Protein chains: 2
Amino acid sequence: MKKAATIRDVAGRAGVSVSVVSRVLNDTGPVSAPKRAAVLEAVEQLGYRPKAAARQLGQDRPDTIGLLLADLTNPFFARLADRVVAEARSRELQVVLMTTQEDPHLEQQALNTLLDRSVGGVIGTPTGHNVEHWDKLANLEMPVVFVDRAIDGLDQVDVVSIENVESAATATGHLLDRGHRRIGLVPGPLDTTTGSERVRGYERALAERGVDLDERLVRPVPFRGETGADVMAQMLALDEPPTAVVVANTAQVRAVLRMLTQARVSVPDELSVVVFDDNPWTELIRPPLTAVRQPIDMLALHSVDLVHARMRQKLPPAPRRVRVPAEFLERSSTATRR
Amino acid sequence: MKKAATIRDVAGRAGVSVSVVSRVLNDTGPVSAPKRAAVLEAVEQLGYRPKAAARQLGQDRPDTIGLLLADLTNPFFARLADRVVAEARSRELQVVLMTTQEDPHLEQQALNTLLDRSVGGVIGTPTGHNVEHWDKLANLEMPVVFVDRAIDGLDQVDVVSIENVESAATATGHLLDRGHRRIGLVPGPLDTTTGSERVRGYERALAERGVDLDERLVRPVPFRGETGADVMAQMLALDEPPTAVVVANTAQVRAVLRMLTQARVSVPDELSVVVFDDNPWTELIRPPLTAVRQPIDMLALHSVDLVHARMRQKLPPAPRRVRVPAEFLERSSTATRR
DNA sequence: TTGTAGGCGTTATCAG
DNA sequence: CTGATAACGCCTACAA
């Protein structure tokens with residue numbers, strides 16, 4: 001077991017030519033029954049496996065997609081990765097995983113390596129900062145699908161996400177219906193669609209109920225770090241603190257909750273809480289959290305579907321925007337305002 | 001922007017031969033200053049990137065490692081993936097991600113794919129069932145590193161894991177010291193090292209204190225599914241139910257906790273609980289859980305280090321067993337027996 | 001139905 | 001220093 005067998009070894013062993021071997025392996029072209037059997041046996045005995053690199057060198061499109069996620073530490077992205085890998089496998093696609101850690105510099109590096117890897121397509125959650133680089137990818141005939149978030153100024157890529165505006169409006173409306181008037185919002189950065197769209201939904205809900213908007217209650221924070229805790233503290237320190245809050249920044253849910261626990265803010269008595277996030281731990285927390293659940297499997301399904309289809313050029317060039325509805329789950333962290 | 005530039009395009013543009021371009025790019029061999037400049041400029045203008053597949057076709061090993069994990073839904077593996085990806089990047093390695101979902105069949109498929117040598121090495125958490133297939137990989141001169149768990153009958157692969165025996169003994173001892181005598185144990189399958197070693201640690205702690213072993217209190221369960229809940233229920237239904245439990249099966253922690261919540265078992269008053277797991281959510285749960293924390297970054301670091309070194313054949317052939325200590329975190333889910 | 005030959009993009013070798 | 005040229009392993013016309 002020193003060096004791997006090549007297609008030529010198989011051909012020799014089976015007493016045929018390489019083309020015959022290739023044909024039976026890829027089922028392309030006719031082969032007589034006896035020779036086919038001989039080839040199969042030789043393949044078996046030698047434990048032959050075609051080398052991926054050599055195969056790619058030819059005409060075929062790479063059977064690999066890049067998955068560029070923000071951060072696997074966030075259960076949302078982790079589950080997304082899990083589903084994407086599963087969907088990819090069912091289409092016989094490999095997944096190369098990279099993470100940006102929400103760092104534009106790392107994202108840029110990753111985009112470059114994706115280029116040489118010559119993956120057939122990319123599914124990613126952009127940080128929001130490397131417009132030109134993403135653009136370069138897209139211009140290079142490389143299918144790109146943004147999932148969960150998108151960024152402005154990039155209109156030629158497909159986007160799969162939940163209905164952010166709707167979801168935020170629902171969450172906010174839920175609180176308004178329970179008598180809350182001062183409702184905090186902690187969204188992601190406004191230059192990502194998840195940030196801006198959820199703010200829009202929040203504002204729409206307020207407007208529909210004729211409630212005034214207080215700028216101090218809308219505090220976008222980066223996905224990284226623990227800033228969610230800070231802005232939460234700041235809001236609670238206002239003269240008229242909020243009686244409810246919507247944490248629309250998935251990555252900051254934990255930071256906010258930890259802050260509330262430490263400050264001994266009682267949920268939902270003193271503060272009602274709705275979070276954008278729903279991982280299996282959410283329901284084990286006291287109290288179980290009212291949440292907007294993202295249909296992760298749908299996001300994964302559509303994303304993989306799209307890259308796959310584009311890789312096979314089975315789609316009209318116009319970019320797609322797939323939006324899947326999110327589910328609102330009322331649990332015990334929201335209550336009627338006292 | 002139709003087809004990517006090749007090294008020949010660059011050579012033509014720069015008015016040199018391909019060899020010169022290759023030498024400039026890989027810093028292998030001498031090149032005159034002016035030509036070097038010309039090449040660099042051509043590369044820049046054409047946006048040229050060497051194609052990984054073509055490069056692999058030559059002698060070099062692929063600069064990609066396979067990461068075959070059980071399940072990204074489990075925060076432990078997700079965080080592990082995150083760290084592995086980070087460590088890999090710092091060594092200029094790519095990571096292709098696959099998951100087994102603890103299903104031997106899927107694992108086998110994945111191993112077959114890996115056999116095409118599109119990766120230079122593999123880091124994995126084996127299900128415990130495909131010994132021959134892993135063996136085939138290893139015999140194919142492909143570096144394999146098991147992380148977290150290992151399987152019997154595979155002695156030629158490197159293993160990186162925590163000190164399972166020690167950790168389980170510590171956890172069990174902690175409970176014994178608090179007066180508990182009937183202590184349940186929910187480990188993983190006994191044909192994985194995490195399962196069998198933790199049982200051994202548990203037994204050792206009991207023996208050291210002269211406490212008898214009750215077989216009915218040791219209930220190994222698969223990583224998949226929700227069986228953890230069932231065996232927990234069964235133990236509680238015993239004539240002499242346990243007053244404490246060690247959940248040593250990371251994947252089943254949630255199931256067990258959910259069961260306890262539903263059955264309104266009060267922790268730690270009625271039952272003390274120690275879990276093998278420590279994700280950021282653990283401390284948000286009520287009560288905060290006493291836990292064995294696995295040093296995930298160390299596991300990742302050593303794993304990547306090992307494959308990397310082996311890929312560059314910078315290591316004696318003898319397999320390594322790296323064991324890192326785990327940390328015992330006492331929080332509030334364990335109490336002195338009443 | 002089969003085999004031969006050429007090409008895919010790079011790197012390595014080895015004469016100029 | 002530089003530039004042909006031969007691999008690398010596989011696929012696929014094209015010719016037999």
Side-chain angles (χ1 to χ4, degrees), chain A residues 2-40 42-43 46-64 113 115-120 140-141, chain B residues 2-40 42-43 46-64 92 113 115-120 140-142:
Chain A
K2 288 296 129 63
K3 41 182 49 182
T6 81
I7 195 174
R8 255 177 277 275
D9 299 328
V10 176
R13 193 92 153 67
V16 300
S17 74
V18 292
S19 23
V20 174
V21 178
S22 177
R23 265 181 258 137
V24 342
L25 259 39
N26 304 304
D27 192 33
T28 164
V31 174
S32 71
K35 298 219 172 193
R36 146 168 282 120
V39 168
L40 257 22
V43 166
L46 271 46
Y48 167 74
R49 307 227 85 217
K51 191 167 260 181
R55 181 180 282 171
Q56 281 198 16
L57 206 41
Q59 251 82 69
D60 308 4
R61 314 203 160 290
D63 53 351
T64 303
T113 43
L115 240 31
D116 351 334
R117 271 292 302 187
S118 43
V119 294
L140 225 46
E141 76 181 0
Chain B
K2 290 297 131 62
K3 39 182 52 180
T6 82
I7 196 175
R8 255 178 278 275
D9 299 328
V10 176
R13 192 91 153 67
V16 300
S17 74
V18 292
S19 329
V20 174
V21 179
S22 178
R23 265 180 257 138
V24 173
L25 262 38
N26 304 304
D27 190 33
T28 164
V31 174
S32 69
K35 297 217 174 196
R36 149 168 279 120
V39 168
L40 257 22
V43 166
L46 269 48
Y48 166 75
R49 314 234 41 167
K51 194 161 264 181
R55 187 180 276 169
Q56 279 191 28
L57 206 41
Q59 251 86 76
D60 306 358
R61 278 190 172 290
D63 53 351
T64 301
E92 301 194 297
T113 315
L115 238 27
D116 68 14
R117 293 175 289 335
S118 51
V119 300
L140 219 49
E141 74 182 1
M142 165 106 70

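From a predicted model like this one, the values you see are computed outputs, not experimental measurements. Order of the sequence lines fixes the chain letters, A, B, ..., with proteins taken first and strands second; residue numbering starts at 1 for each chain.
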Interatomic distance where CD1 belongs to B:Ile7 and P belongs to C:dG7 [whole Å]: 18 Å

Integer-rounded Å distance: D:dC11 C1' and A:Asp63 CG: 15 Å

Note, B:Glu92 side chain near A:Thr113 side chain (heavy atom, < 4.5 Å): no

Phosphate OP1/OP2 of C:dG3: any A:Lys35 side-chain N/O under 4.0 Å: yes

Base of D:dG9 paired with side chain of B:Arg117 (donor-acceptor, under 3.5 Å): no

Protein-nucleotide distance (B:Arg23, atom CZ; C:dA12, atom P), rounded to Å: 11 Å

Sugar-phosphate only, base, or nothing, as touched by B:Thr6 at under 4.0 Å among non-hydrogen atoms: sugar-phosphate

Sugar-phosphate only, base, or nothing, as touched by B:Arg36 at under 4.0 Å among non-hydrogen atoms: nothing

Candidate nucleotides C:dT4, C:dT1, D:dT2, ranked by approach to the side chain of B:Pro30 - the nearest: D:dT2

For atom CG of B:Leu57 and atom P of C:dG9, their distance in whole Å: 12 Å

First of A:Gly15 and A:Arg8 reached from the 5' end of DNA chain C, by closest nucleotide: A:Gly15

Under 3.5 Å donor-acceptor pair, A:Arg49 side-chain atoms to D:dG9 base atoms: no

Sugar-phosphate only, base, or nothing, as touched by A:Ser22 at under 4.0 Å among non-hydrogen atoms: base

Donor-acceptor pair present, B:Thr28 side chain and C:dA12 base, under 3.5 Å: no

Proximity to the side chain of B:Ser19 - top-ranked nucleotide from C:dT4, C:dG9, D:dT5: D:dT5

Closest nucleotide among C:dT10, C:dT2, D:dA4 to the A:Ser32 side chain: C:dT2

B:Gln56 CD - C:dG9 P separation (whole Å): 16 Å

Nearest-Å distance for atom pair NZ/P, residues B:Lys51 and C:dT11: 13 Å

Between C:dT10 (P) and B:Arg55 (CZ): distance, integer Å: 8 Å

Separation of D:dC11 P from B:Asp116 CG (nearest whole Å): 12 Å

Any donor-acceptor N/O pair, A:Arg23 side chain to A:Pro30 backbone, under 3.5 Å: yes

5' precedence on DNA chain D between B:Gly58 and B:Val16 (nearest-nucleotide basis): B:Val16

Stepwise side-chain contact (heavy atoms from CB on, under 4.5 Å) check, B:Val20 with B:Ser17: CA-CA 6 Å; B:Val20 174; B:Ser17 74; 3.7 Å; yes

pair B:Ser118-B:Thr64: side-chain heavy atoms closer than 4.5 Å: no

Distance below 4.0 Å between A:Asn26 side-chain N/O and D:dC11 OP1 or OP2: yes

Under 3.5 Å donor-acceptor, B:Arg117 side chain and A:Arg49 backbone: yes

